[in-house]
Amino acid sequence: MPHTTPIQAPAFPSRLPGVGTTIFTVMSALAAETGAVNLGQGFPDFGCDPKLTSLVNDAMREGLNQYPPMSGVAPLRAAISGKIERLYGHRYDAEREITVTAGGTQAIFTAVLCCAGPGDEVIVLDPCYDCYVPAIKMAGARAVRVPLTPGTFRPDFGRIAAALTPRTRLLISNTPHNPGGAVWSSADMRALQDMLASTAVLLLSDEVYEHMVYDGARHESVARYPGLAARAFIISSFGKTYHVTGWKIGYVAAPAALTDELRKVHQFNVFTVNTPMQHGIARYLQDPAPYLNLSAFYTERRERLRAALARTRLRLLPCQGTYFQCAAYDGLSIAERDLNEADFCLWLTREIGVAAVPLSAFYGNAFDQKIIRFCFAKRNETLDEAARRLARL
Ligand code: GLN
């Protein structure tokens, strides 16, 4: 056989230099490889309500399988609008102000792309979910990272206000907060509203964990605050709420002028989101019980994991919302507590058999606080097996 040199793809400069595979994917792969209990990547290891899958199957069998309208099927947009109005008292026009997306991440990417560009600054609050900054970079804008208060992950409005400049186009907020589990109070929301009142800054409010708040706290949707709602893209997702993270269906609620710009981008990077699932979810949404009961459902799981961690030398941090529990390992013996968060998570996965994710993955500078994040959206058996293994700590 004659030797042929393989033809190489032309080299080109990376648009996202320094970005590797997400920590969630890395830890899930390592957990699978080592047989560890996977409390790293946030996803439930239990099924969804069979009623929901039946409703999607019904829609498919009814022949609802062609392109839906670009903005989403009308019954789903109406159901989303109704839910927001009932829960948060703000009416979004289903036709002009609600857009169905292929999950929260696509909604975030599209919202950032439609309003931020070269010369613009976008404020994110660290630690922040890992897709925010790459979206800002792909838009050609500059991410300005402002830290939340270490330990509590509460917003520090003095620091946020100090980061505002005439170039600030957008601020990204996230309550309930991934990874910190903090839930913003109404005082926080009013402070944000006052801070932005005299500016032209837009707001992207990531509320995908809206139905997981504990200890009697209330989710403070931006939709409750007219001064914020008027400038905001509110993003939520059915993946978290209905235990179907693989379905990738979410939405953006935003005033018509913002939605017009969002849809210009949405129609050319996604165009439409799969039809039968939209119909299935629209029908399932008619019953509020599943989302209204979610906080109680996850409270039990949170308690189970917290009780297990409390029996170890890990130090529990507060968890007011989301399905994530953070813990510090600064009380462990020197060999372990000297590891940085990423190495500690590798050690925990390999040696103890439980995967978690390092908080440093949510910061720009790999800030190391000896804190890791566990996901408790798991069956009791899974949490109990993790507890058995973690008891060695
Ligand atoms: N949102 C999930 C988490 O925080 C992960 C989703 C993903 O793997 N990108 O764990």
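We count ligands from 1, going down the list as the structure has it; atoms in each ligand are counted the same way. Computed from a predicted model, the values in this text were never measured in an experiment.
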>> Return the CZ to CD distance between F238 and Q278, rounded to the nearest 0.5 Å.
In response: 9.0 Å
>> Are any of the N/O atoms on F324, whether in the backbone or the side chain, positioned under 3.5 angstrom from an N/O atom of ligand 1?
In response: no
> Can you find an N/O atom of N178 closer than 3.5 Å to an N/O atom of ligand 1?
Replying inline: yes
> Hey, is D45 close enough to R379 for a salt bridge, meaning N to O under 4.0 Å?
Replying inline: yes
> To the nearest 0.5 Å, what is the distance between CD1 (I371) and CZ (F153)?
Replying inline: 4.5 Å
> Can you find an N or O of T25 that's nearer than 3.5 Å to an N or O of ligand 1?
Replying inline: no
>> Under 4.0 Å from a heavy atom of Y209: which atoms of ligand 1 are those, numbered in the order shown and with their elements?
In response: 1 (N)
> Can you tell me if Y129 has a non-hydrogen atom under 4.0 Å from ligand 1?
Replying inline: yes
> To the nearest 0.1 Å, how far is atom 8 (O) of ligand 1 from its closest protein heavy atom, and which atom is that?
Replying inline: Q41 NE2, 2.7 Å
> Is the centre of the F271 ring less than 6.0 Å from the centre of the Y67 ring?
Replying inline: yes
>> Using ring centroids (six-membered ring only for Trp), state whether F46 and F297 fall under 6.0 Å.
In response: yes
> Does Y323 come within less than 4.0 angstrom of ligand 1, counting non-hydrogen atoms of the residue?
Replying inline: no
> Taking the six-membered ring of F43, is NZ or CZ of K378 closer than 6.0 Å to its centre and within 45° of its axis?
Replying inline: yes
